[in-house]
There are 2 protein chains.
Amino acid sequence: MSSPAKHNCSVCSLKKICLPTGVGKDELERLEALVQDTKVHHTSDEVIRQESPFRNLYAVKSGMYKSVKLNDLGEERVVGFHLPGDIIGLDAIYTKTYSSSLVALTTSVLCQFNYDQLVLLSAKMPTLQAQLMRLSSKEINIANAFQNAQTAEQKLAGFIHNLSARNAERGFSSTQLILSMSRQDIASHIGMAPETISRILKQFQSNDILIINKREMKILDPARLLISTGCAHA
Amino acid sequence: MSSPAKHNCSVCSLKKICLPTGVGKDELERLEALVQDTKVHHTSDEVIRQESPFRNLYAVKSGMYKSVKLNDLGEERVVGFHLPGDIIGLDAIYTKTYSSSLVALTTSVLCQFNYDQLVLLSAKMPTLQAQLMRLSSKEINIANAFQNAQTAEQKLAGFIHNLSARNAERGFSSTQLILSMSRQDIASHIGMAPETISRILKQFQSNDILIINKREMKILDPARLLISTGCAHA
DNA sequence: CGTTCCGTTGAATGGGATCAACGATTGTGG
DNA sequence: CCACAATCGTTGATCCCATTCAACGGAACG
């Protein structure tokens with residue numbers, strides 16, 4: 001299911017958005033020393049089990065993961081997708097148990113930080129403390145992001161736009177996206193039927209807003225995609 | 001619009017859920033000294049203007065507030081309601097500007113904390129730092145709470161159940177609720193038409209799940225209300 | 001006393017879910 | 001290596017839930 005791998009925050013391309021952001025060079029070594037494990041996972045590997053006790057925060061080093069929440073009725077819901085640089089587990093600080101399971105969507109690598117040690121270190125490193133609060137704050141914004149969408153078109157456009165923006169934030173292409181997740185995962189995440197995803201993607205294609213081939217998407221008209229989200233005017 | 005009022009965390013009934021949680025007695029005085037202002041607001045007062053620069057966190061001392069977000073198309077959306085003890089502004093730490101406006105729903109009181117000073121203080125007070133992270137983490141959970149609901153019935157039941165739980169958390173009644181907000185505000189918050197709110201409340205009443213008179217609600221059958229949320233089985 | 005907003009009710013419409021079927025892809029085991 | 005199963009993605013037809021439009025009584029307010 002997983003195998004060890006080398007880690008080194010100093011040379012990691014994601015340090016600009018990940019935990020080390022704002023942390024000084026010398027201090028970085030102390031943060032690095034705290035990374036207990038860096039593990040490789042493969043598609044469908046379950047990394048975190050929902051309800052298990054909270055001990056670690058995780059940072060995505062490469063690949064993609066999804067968070068899946070199971071309710072008392074046995075219904076599954078994808079609560080989020082995690083890209084490289086994302087911090088996972090911030091919501092569990094309060095609840096003390098992980099609120100969802102974490103599953104790899106493709107071959108992916110995860111860095112692991114023990115939270116108690118992180119807290120001890122951040123007490124001595126104001127920059128780390130500040131970054132922890134910033135990331136936690138960012139997570140609140142992410143969670144609130146999808147509240148605007150009313151129609152299925154707006155929901156899906158918002159999802160794609162968001163994925164595009166997050167890609168850009170990481171220095172990846174904002175127009176060339178690889179959807180590592182299935183249509184069902186997308187549907188579950190934004191709260192609609194997979195059939196509707198299909199139909200609206202088709203609609204976007206016939207309007208020349210994007211081209212999609214299997215799980216490779218090319219955004220042709222970012223401006224009209226943004227308008228489709230219902231968040232901006234023409 | 002607002003007038004000064006006395007503040008004193010030590011004797012505040014909300015210290016068990018508010019910022020002071022976990023903070024020692026002597027340390028509490030230093031936190032108290034940091035409260036710059038405690039102001040009284042009245043219905044419809046705008047306390048925070050969306051997009052204004054982030055400087056302070058706020059804690060609700062009494063009453064109720066709503067957060068309202070305006071998008072580029074001029075559409076308004078209620079993104080949250082704030083009860084006594086709630087911390088407001090945690091999402092703005094990342095964005096550096098407030099992402100929504102804050103409006104009083106009734107005569108209410110707010111405590112104001114300068115964030116920079118709070119950070120300086122928390123560097124010396126691990127308990128305060130821990131509470132800031134806990135509260136931020138809690139906010140992530142709140143934002144994710146409504147993702148489960150599919151139907152209008154589930155959304156509204158979830159909203160009422162949530163309000164009831166938050167009331168209980170504060171030592172108030174979990175069955176006797178005062179809805180300080182309008183039906184339109186509720187509708188905007190959970191993403192449905194105010195007419196539908198009316199119809200489903202009527203349905204809940206004829207099923208003897210609750211009784212509602214103007215803005216006073218009495219929950220008769222919390223168990224069946226929970227089932228209506230679609231989060232639990234019978 | 002008129003005006004405005006709030007809350008409710010009725011009737012009609014439509015958007016998205018649901019059900020069903022099918023080809024394509026992936027994965028499995030003999 | 002291939003037959004088979006299972007999942008994925010798409011398309012079509014139907015239905016139902018929630019929005020929309022419209023109207024009205026009541027309360028709050030100036």
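A, B, ... follow the sequence lines: proteins, then strands. Residue 1 opens every chain.
Here the side chain of T21(A) pairs a donor or acceptor atom with the backbone of K16(A) at under 3.5 angstrom. D86(B) contributes a side-chain N or O that, together with a main-chain N or O of L83(B), makes up a donor-acceptor pair within less than 3.5 Å. The backbone N or O of S188(B) lies less than 3.5 Å from a partner atom in the side chain of R77(B), making a donor-acceptor pair.
Taking 4.0 angstrom as the limit, R215(B) places a side-chain polar atom (N or O) nearer than this to OP1 or OP2 of dG7(C). Considering only side-chain N and O atoms, T196(B) lies under 4.0 angstrom from the phosphate OP1 or OP2 of dT19(D). The phosphate of dG16(C) has neither OP1 nor OP2 within less than 4.0 Å of any side-chain N or O from R199(A).
Rounded to an integer number of Å, the gap from I212(B) CD1 to dC6(C) P is 16 Å. Going from atom CD1 of I200(A) over to atom P of dG9(D) covers 16 Å, rounded to whole Å. Counting to the nearest Å, the C1' atom of dA18(D) and the CD atom of Q203(B) are 12 Å from each other. dC17(D) atom C1' lies 15 Å from atom CG of L156(B), rounded to whole Å. The separation between K214(A) atom NZ and dT25(C) atom P is 4 Å, rounded to whole Å. Straight-line distance from the CD atom of Q150(A) to the P atom of dG14(C): 19 Å, rounded to whole Å. Nucleotide dC6(C) holds its P atom 18 Å from the CG atom of N213(B), rounded to whole Å. Going from atom CD of Q154(A) over to atom P of dT19(D) covers 13 Å, rounded to whole Å.
Donor-acceptor pairing under 3.5 Å, judged by distance alone, is present between the side chain of E195(B) and the base of dC21(D).
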Checklist entry - For K66(A) and E46(A), what are the C-alpha separation, side-chain angles and deciding distance, and is it a salt bridge (Lys or Arg N to Asp or Glu O under 4.0 Å)? => result CA-CA 10 Å; K66(A) 65 173 174 181; E46(A) 189 186 73; over 6 Å; no
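Between Y65(B) and F81(B), the distance separating the two ring centers is not shorter than 6.0 angstrom. Separation of the F54(A) and Y115(A) ring centroids falls under the 6.0 Å cut-off. Between F146(A) and H189(A), the distance separating the two ring centers is shorter than 6.0 angstrom.
Nucleic acid contact class of Q184(B) (heavy atoms, under 4.0 Å, all strands): sugar-phosphate only. Nucleic acid contact class of S182(A) (heavy atoms, under 4.0 Å, all strands): sugar-phosphate only. Residue contacts for A152(A): at a heavy-atom cut-off of 4.0 Å it reaches the sugar-phosphate backbone alone, with no base atom in range.
Looking at the side chain of K202(B), the nearest of the listed nucleotides dT10(D), dT9(C), dT18(C) is dT9(C). The nucleotide whose nearest atom lies closest to any side-chain atom of M192(B) is, among dT19(D), dA17(C), dT8(C), dT19(D).
Rounded to 10 degrees, the angle between the two end axes of the helix from dC1(C)-dG30(D) to dG30(C)-dC1(D) is 50°, with five pairs used at each end.
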